[in-house]
Amino acid sequence: MDGHGADLDSLPYIDKEYDDPAIRSQVLEMIQEEMGRMSPPAIPRSTSLFKNSELLRKEYERVKSGRPLPPFDIDRYKLEAPKEANIDEWQWASDNAASQLEHQSIRLVNLELLQQFGANAWKLSNFQKEKLLAVIENATDGYKRTGVDLNKARKYEQVEAGVKLRDLESRWEEGVRQCIEIQVANCQLLAEISKLEHGTTNST
């Protein structure tokens, strides 16, 4: 029926016994009974996530334990004069100022690039996403049509099989009826033969 060599004895388009609430309840009870005899799946008690990333593993453990996200450190973005007059403090302040200057310079470059190319990049990105969406929608429509055609083919095959099954069932019932009639006739003939033999014996 399904084209894969599997023998299926279920004809949902023909068999309507499941529509009966009593039959449905009986089927569900059988399913629950069968599931009760099944062994539970083997699920590992613990799994190691993010084996290759210590950062992600620590973040996962933080979220799992319910710890809050640490506050954002803004001290490195401040330009403050050293509190102590020593070379190390002034060197750190000078390096920090140079880092902030480079950061702001990079931001200006990024803003200029965004102003120059951002609109076209955004349009191109939207165009690509629309094309991808169209491909996905076409594929989805194709799968839906395939499913509808498959269900139509299954229904047609099952209806045709139902006609043959009803014909075979009718012929079987007719054969059984004829067999019963022949058995009854045989019993009657045997009774008549026995009666005739008994009468013949008595007459002799």
Side-chain angles (χ1 to χ4, degrees), residues 2-4 6 8 10 12 18-19 21 23-151 154:
D2 62 346
H4 295 280
L8 303 179
S10 175
Y18 190 73
D19 295 337
I23 299 296
R24 186 185 301 109
S25 177
Q26 182 179 1
V27 171
L28 293 177
E29 289 179 359
M30 294 175 63
I31 293 175
Q32 292 298 328
E33 181 181 356
E34 180 68 19
M35 293 179 64
R37 293 196 296 266
M38 297 171 59
S39 58
I43 301 177
R45 295 184 177 180
S46 61
T47 57
S48 299
L49 299 177
F50 310 114
K51 295 180 179 180
N52 299 326
S53 177
E54 183 179 359
L55 179 63
L56 291 178
R57 187 168 60 253
K58 289 182 178 180
E59 181 64 15
Y60 171 75
E61 293 296 334
R62 181 193 66 78
V63 174
K64 184 179 179 180
S65 62
R67 298 195 303 270
L69 188 69
F72 188 69
D73 183 15
I74 60 174
D75 291 338
R76 61 177 181 173
Y77 298 105
K78 297 180 180 179
L79 291 176
E80 297 179 351
K83 297 180 180 179
E84 298 180 4
N86 57 59
I87 297 178
D88 292 336
E89 289 289 336
W90 280 100
Q91 184 64 46
W92 183 90
S94 176
D95 293 340
N96 184 40
S99 175
Q100 296 300 323
L101 180 61
E102 184 64 21
H103 173 67
Q104 296 299 329
S105 176
I106 293 175
R107 289 185 62 187
L108 289 176
V109 172
N110 289 334
L111 289 174
E112 291 176 356
L113 292 173
L114 179 63
Q115 185 177 7
Q116 185 176 358
F117 303 107
N120 291 333
W122 178 258
K123 292 179 181 179
L124 178 61
S125 176
N126 288 339
F127 175 77
Q128 292 173 342
K129 289 181 174 61
E130 290 175 355
K131 289 295 183 181
L132 179 60
L133 177 61
V135 171
I136 295 174
E137 289 178 345
N138 290 334
T140 302
D141 293 339
Y143 290 135
K144 287 182 180 179
R145 288 192 298 269
T146 301
V148 171
D149 293 340
L150 180 60
N151 288 330
R154 286 177 176 172

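Below, each value reflects all heavy atoms present in this structure, side chains not excepted, and no hydrogens, waters or symmetry copies. Computed from a prediction, not measured in an experiment: that's the story for all the values here.
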Residues that F72 engages under side chain to side chain contact (heavy atoms under 4.5 Å, CB included), provided they are two or more places apart: I74, Y77

Under 3.5 Å, which donor-acceptor pairs do the side chains of residues 95-113 form with other protein atoms, sequence neighbours left out?
from, atom 1, to, atom 2, distance (Å)
D95, OD1, Q91, NE2, 3.1
D95, OD2, Q91, NE2, 3.4
N96, ND2, K78, O, 2.9
Q100, NE2, R76, O, 2.7
N110, ND2, I106, O, 3.3

Non-neighbouring partners of K129 that pass side chain to side chain donor-acceptor pair (under 3.5 Å), sequence neighbours left out: S125

Spacing of CE belonging to M35 relative to CD1 belonging to I31, to within rounding of 0.5 Å: 8.5 Å

Value rounded to 0.5 Å, distance of NZ in K58 from CG in L56: 11.5 Å

A93 versus E80, closest heavy-atom pair with distance: CB-O, 4.2 Å

Qualifying residues under salt bridge (charged side-chain N to carboxylate O under 4.0 Å, His left out), relative to E89, sequence neighbours excluded: none

Residues that N86 engages under side chain to side chain donor-acceptor pair (under 3.5 Å), provided they are two or more places apart: E84

Results of side chain to side chain donor-acceptor pair (under 3.5 Å) for E61 - residues two or more places apart only: none

By salt bridge (charged side-chain N to carboxylate O under 4.0 Å, His left out) - contacts of E137 (at least two apart): none

ring-ring contact (aromatic ring centres under 6.0 Å, His included) partners of F50, counting only residues at least two apart: Y60

Results of side chain to side chain contact (heavy atoms under 4.5 Å, CB included) for R145 - residues two or more places apart only: D141

With sequence neighbours excluded, residues passing salt bridge (charged side-chain N to carboxylate O under 4.0 Å, His left out) with R57: none

Considering all heavy atoms, the nearest L69-R62 contact: N-NH1, 3.3 Å

W90 backbone acceptor or donor facing S94 side chain under 3.5 Å: no

Minimum side-chain heavy-atom gap Q128-L132 below 4.5 Å: no

Residue pairs passing the salt bridge (charged side-chain N to carboxylate O under 4.0 Å, His left out) test where at least one lies in residues 29-39, sequence neighbours excluded: E33-R37, E34-R37

Nearest-0.5 Å distance, CG of residue N120 to CZ of residue F127: 13.5 Å

Spacing of L28 atom CG and I23 atom CD1 [to the nearest 0.5 Å]: 11.5 Å

Contacts of type side chain to side chain donor-acceptor pair (under 3.5 Å), residue S65, not counting sequence neighbours: R67

